[in-house]
> 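Quick one: the structure is below, questions incoming.
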There are 2 protein chains.
Amino acid sequence: MAENLPSCRREFVETAGRLCQRLGLPRSTGQIYGLLYLSAQPLSLDDISGLLSLSKASASTGTRQLLTWQALKQVWVPGDRRDHFEAIGDLRELLRTGYENFFRPKLERSVTKMDQLLANLEADRKSGALSKEDHAFCKARLAHMATLQSRVTKLLPIAEKFF
Amino acid sequence: MAENLPSCRREFVETAGRLCQRLGLPRSTGQIYGLLYLSAQPLSLDDISGLLSLSKASASTGTRQLLTWQALKQVWVPGDRRDHFEAIGDLRELLRTGYENFFRPKLERSVTKMDQLLANLEADRKSGALSKEDHAFCKARLAHMATLQSRVTKLLPIAEKFF
DNA sequence: CAGAACGTTCAATTGCGATTGAACAAATAA
DNA sequence: TTATTTGTTCAATCGCAATTGAACGTTCTG
């Protein structure tokens with residue numbers, strides 16, 4: 001990490017990096033967004049890799065990823081043919097699209113997965129792999145899980161409106 | 001993974017394992033809970049490591065972790081001096097304590113972190129590390145983030161009641 | 001045109017944390 | 001008592017994905 005960053009930015013970059021790391025995303029991605037979030041001027045790939053001590057490759061893949069998430073935008077800086085990047089500051093929107101692209105598909109898949117599981121359960125019952133008691137037990141537990149699932153599905157749109 | 005598991009349990013175990021993996025938790029942890037969630041009878045450490053093809057060590061650490069999360073309970077099986085484990089089926093409660101122990105502390109820390117950042121910002125301003133414009137820009141962005149933070153803080157208790 | 005600047009791609013490396021095997025301690029049995 | 005069973009701890013290993021360096025294609029410049 002470069003020493004020439006003001007301490008507040010340095011700390012912010014570190015925090016953003018760690019946050020991404022916890023979310024299972026590349027740390028560099030968070031660092032890049034964090035750096036740009038507190039940069040009044042757009043930065044080039046060289047600036048980014050230099051300030052964060054990242055390789056050119058990481059800066060490139062990271063910015064491209066962030067672009068697909070609509071977390072950054074490219075801006076043209078007159079007199080410089082390099083790409084420059086700016087953070088899109090609207091975190092609310094970022095959160096919303098993040099939910100849309102990230103959570104929601106998984107939630108939907110989990111519902112179809114539950115159907116598969118229930119189908120398998122019946123198949124196991126018929127094939128004799130599961131006793132009557134085990135069948136009933138599993139069915140009850142899966143049903144309980146399904147109700148929770150539907151609650152989450154109902155909650156999230158509400159939360160979305162809350163923002 | 002053992003072949004002697006009925007297909008519905010096998011698939012459930014796999015799904016639970018992957019879910020934990022995505023959440024940044026050990027996969028084995030999810031597998032163990034998944035196995036027990038669909039087991040009408042409590043299982044011993046040997047059963048668990050056998051059915052899941054895990055080492056004794058993994059089964060031990062995994063169950064202990066799950067116990068601290070109140071996701072399992074130990075039950076005594078007469079005539080067997082080994083520990084046996086049962087899944088606690090109330091997923092709602094599990095979710096609630098998970099939020100309490102896992103998310104909430106981080107959310108609280110993020111608030112104090114924000115204070116630190118704002119303090120650093122002022123320090124940088126006074127030391128001349130940040131121009132007046134940069135200072136204003138960063139302050140605005142951090143303020144925006146702080147409002148989002150407080151919204152999340154307000155939302156979560158509401159979501160909790162929803163369940 | 002040649003040469004440089006810029007960004008991307010991809011195989012190789014690295015780092016991190018889950019998993020393991022072996023040694024250990026505690027409890028039970030013989 | 002000694003031997004066996006049971007569960008934990010910890011250093012070593014392994015797997016996975018982030019990161020890198022080098023080679024590449026493209027676009028600009030002189």
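Each chain gets a letter, A, B and so on, in the order its sequence line appears, and its residues count up from 1. Side chains included, hydrogens not; waters and symmetry mates left out as well; all remaining heavy atoms used.
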> Can you tell me how far C1' of dA18(D) sits from CD of Gln65(A), to the nearest Å?
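About 12 Å, once rounded to whole Å.
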> Atom CD of residue position Gln70(A) - does it have more than 12 heavy atoms of other residues, nucleotides or ligands inside 6.0 Å?
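12 or below, so no.
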> With a 4.0 Å cut-off, would you call Glu100(B) and Arg96(B) a salt bridge?
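Looking at Glu100(B) and Arg96(B), the cut-off is met.
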> Confirm from the modelled atom types if Arg81(B) and dT6(D) form a donor-acceptor pair under 3.5 Å, side chain to base only.
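It does not, because no donor-acceptor pair links the side chain of Arg81(B) to the base of dT6(D) below 3.5 Å.
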> Between Gln65(A) and Thr68(A), is there a side-chain donor-acceptor contact under 3.5 Å, judged purely by atom types and distance?
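The answer is yes; a qualifying pair exists.
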> Looking at the side chain of Pro26(A), which of dT9(D), dG7(D), dT19(D) is the nearest nucleotide?
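My answer, after comparing the listed nucleotides, is dT19(D).
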> CZ of Arg82(B) versus C1' of dT28(C): gap in Å, rounded?
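Going from CZ in Arg82(B) over to C1' in dT28(C) covers 14 Å.
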> Closest approach to the side chain of Ser58(B), judged atom by atom: which nucleotide of dT19(C), dT8(D), dT20(D) is it?
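Within the option list, the nearest is dT19(C).
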> What is the distance, rounded to the nearest whole Å, between atom CG of Leu45(B) and atom C1' of dA27(C)?
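In whole Å, dA27(C) C1' and Leu45(B) CG are 15 Å from each other.
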> Between Thr61(A) and Arg27(A), who's closer to the 5' end of DNA chain C by nearest nucleotide?
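Comparing both residues, the 5'-ward one is Thr61(A).
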> Using a 4.0 Å heavy-atom cut-off, does Ser44(B) contact any base of the nucleic acid, only the sugar-phosphate backbone, or nothing at all?
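It contacts nothing in the nucleic acid.
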> How many whole angstroms separate atom CD of Gln21(A) from atom C1' of dG15(C)?
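Whole-Å distance recorded here is 10 Å.
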> Can you figure out which of dT19(D), dT20(C), dT6(D) approaches the side chain of Asp46(B) most closely?
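Out of dT19(D), dT20(C), dT6(D), the nucleotide with an atom closest to Asp46(B)'s side chain is dT6(D).
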> At less than 4.0 Å, is any side-chain N or O atom of Ser55(B) found next to OP1 or OP2 of dT19(C)? Yes or no.
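Checking Ser55(B) against dT19(C): no side-chain N or O falls below 4.0 Å of OP1 or OP2.
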> Regarding Arg92(A) and the six-membered ring of Phe163(A), is the cationic atom NZ or CZ under 6.0 Å from the ring centre and inside 45° of its axis?
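So Arg92(A) doesn't make the cation-pi contact.
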> Judged by each residue's nearest nucleotide on DNA chain C, which is more toward the 5′ side, Thr63(A) or Ser28(B)?
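Whichever sits nearer the 5' end wins; that is Thr63(A).
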> Rounded to whole Å, how long is the line connecting atom CG of Leu43(A) with atom P of dG7(C)?
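To the nearest whole Å, that distance equals 13 Å.
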> Could you tell me how far apart Gln31(B) (CD) and dT20(C) (P) are, to the nearest whole angstrom?
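Rounded to whole Å, this separation is 9 Å.
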> Check whether any side-chain nitrogen or oxygen of Arg64(B) sits under 4.0 Å from OP1 or OP2 of dT9(D), and answer yes or no.
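True: Arg64(B) side-chain N/O within range (under 4.0 Å) of dT9(D) OP1/OP2.
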> Under 4.0 Å between a side-chain N or O of Ser60(B) and OP1 or OP2 of dT8(D)?
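Answer is yes, contact under 4.0 Å.
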> What is the distance, rounded to the nearest whole Å, between atom CG of Leu66(B) and atom P of dA18(C)?
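Rounded to the whole Å, the gap is 13 Å.
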> Give the nucleotide from the list dT19(D), dG21(D), dG21(C) with an atom nearest to the side chain of Ala57(B).
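Within the option list, the nearest is dG21(C).
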> Tell me if the side-chain of Lys56(A) makes a donor-acceptor pair with the base of dG21(D), cut-off 3.5 Å, by modelled atom types.
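Checked by distance alone, the answer is no.
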> Between atom CD1 in Ile48(A) and atom P in dG7(C), what is the gap in whole Å?
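Between P of dG7(C) and CD1 of Ile48(A): 10 Å.
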> Between the side chains of Asp115(B) and Thr112(B), is a donor N or O closer than 3.5 angstrom to an acceptor N or O?
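Per modelled atom types, Asp115(B) and Thr112(B) side chains form no pair under 3.5 Å.
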